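Quick note on labels: first sequence line is chain A, next is B, and so on, each numbered from 1. From a predicted model like this one, the values you see are computed outputs, not experimental measurements.
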Amino acid sequence: MLDRTFFERDAVTVARDLIGVEVLVDGVGGPIVETEAYDAGDPASHSFHGPTARNAVLFGPPGHAYIYRIYGLHWCMNFVCSPVSAVLIRAIEPRHGLDVMAGRRGTGSVRLLCSGPGRLCQALAVDHGLDGAPIDAPPFDLRAADAPRSVAVGPRIGISKAVDTPWRFGEAGSRFLSKPFAP
DNA sequence: GAGGCGATTGGCT
DNA sequence: GCCAATCGCCTCG
C-alpha cells in the first residue's frame, strides 16, 4: 500500500511516479502504464472555474478518487493531489482478475481490457459510487512499482485547452497504452 | 428553463 | 478516418 503522503505533491510529479504502481479495485487490476496531470490553474482542468457539485472532490484532501461521467456514458478515474490537482488514470496493464475484466468488458481482447480511461473503469467496475473514496482503503489497493519503468512524455489527449502542455506520461513501449507516444 | 458540450469508445465507410 | 451514442453539468438569458 502506498503511503498517503505520496499524493501530497503536485499532480505532474505524482503522474510520473504513478507509472508502474499497481492499482487494484476489489483485487482486480494491474500496473498503471499511462497517466495525465491536471494542475491547479490549468485551463484544461475541471477545477479551473472553481468548485461545483461535480468537481467538489478536487477541492478536498489529496489521496481520494475523483470520478466523473464523460460523454454521457463512460467513467473516468482520477487521484486527487495537492494543491487542487489530479492525475487521470488512462491505462493499466491487465494482470489480476483477467476473467472478471473480460466479463465486464464483453471482449476477449486482453490488449483492449484497460487501454483507455473509460475502458479501465468498466473493467474495474469503477463508477460514481467511488467518487470521493479514499484510495488507501478498500476496495482500493495501491502497491509500489515492482521495477523501475522507462517513462515517455507527451501532450495530453482529447482536450481542447492547453493542448501542447506535455503532461501525459506512460511506460515507454507498453502495448497497453491508449495511444503510442510519438518518438 | 433551455442549449451546448465534454479528460471516450466502438462500429461503419 | 468519420461519426453517432447519451446525459449530467455548466453557462447564459
Indicate, with a heavy-atom threshold strictly under 4.0 Å, whether Arg156(A) touches base, sugar-phosphate, or nothing.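 Nothing, no nucleic acid heavy atom in range.
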Sugar-phosphate, base or nothing in reach of Arg105(A), heavy atoms under 4.0 Å: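 Counting heavy atoms under 4.0 Å across all strands, the contact made by Arg105(A) is with sugar-phosphate only.
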I want to verify a distance call: between dT9(B), dC9(C), dA7(B), whose nearest atom is closest to the His74(A) side chain?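 Nearest nucleotide to the side chain: dT9(B).
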Hey, what do you get for CG (Asp39(A)) to OG1 (Thr165(A)), rounding to the nearest 0.5 Å?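 Answer for the CG-OG1 pair, Asp39(A) versus Thr165(A), is 10.0 Å.
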Who is the Watson-Crick or G-U wobble partner of dA7(B), with both distances under 3.5 Å?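 When the pairing criteria are applied, nothing turns out to pair with dA7(B), so the answer is none.
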Hunt down the Watson-Crick or G-U wobble partner of dT6(C), both distances under 3.5 Å, from any strand shown, or write none.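 Across any shown strand, dT6(C) pairs with none.
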To the nearest angstrom, how far is [X] atom [atom1] from [N] atom [atom2]?
| X | N | atom1 | atom2 | answer |
| --- | --- | --- | --- | --- |
| Arg54(A) | dG8(C) | CZ | P | 13 Å |
| Leu120(A) | dT8(B) | CG | P | 12 Å |
| Arg119(A) | dT9(B) | CZ | C1' | 6 Å |
| Leu73(A) | dC5(B) | CG | P | 18 Å |
| Ile157(A) | dG6(B) | CD1 | P | 17 Å |
| His49(A) | dG6(B) | NE2 | P | 11 Å |
| Tyr66(A) | dA7(B) | OH | P | 9 Å |
| Lys179(A) | dG1(C) | NZ | C1' | 12 Å |

Euclidean distance for P, dG4(B) against dA4(C) (whole angstrom):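 dG4(B) and dA4(C) have their P atoms separated by 16 Å.
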Could you give the distance separating dC3(C) and dC5(B) at their C1' atoms, to the nearest angstrom?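 Taking atom C1' in both dC5(B) and dC3(C), they lie 16 Å apart.
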Polar side chain donor-acceptor pair, Glu93(A) to Ser174(A), under 3.5 angstrom: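 Absent: no donor and acceptor within the cut-off.
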Arg4(A) to Phe7(A), cation-pi by 6.0 Å centre distance and 45° axis angle: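 Verdict for Phe7(A): no cation-pi partner in Arg4(A).
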Below 4.0 angstrom from OP1 or OP2 of dC5(B), is there any side-chain N or O of Arg69(A)?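 For Arg69(A), the contact criterion (side-chain N or O under 4.0 Å from OP1 or OP2 of dC5(B)) is not met.
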Can you tell me if Tyr71(A) is stacked onto the base of dA5(C), using a 5.5 Å centroid cut-off and an angle below 30°?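 No, the aromatic ring of Tyr71(A) does not stack with the base.
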Judged by atom type as modelled, is there a donor-acceptor pair below 3.5 Å linking the side chain of Arg105(A) to the main-chain atoms of Met101(A)?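 Judged by distance alone, no pair lies under 3.5 Å.
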I need the single residue from Tyr38(A), Tyr68(A), Phe59(A) that forms a ring-ring contact (aromatic ring centres under 6.0 Å, His included) with His46(A). Which is it?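 Considering Tyr38(A), Tyr68(A), Phe59(A), a ring-ring contact (aromatic ring centres under 6.0 Å, His included) with His46(A) is found only for Tyr68(A).
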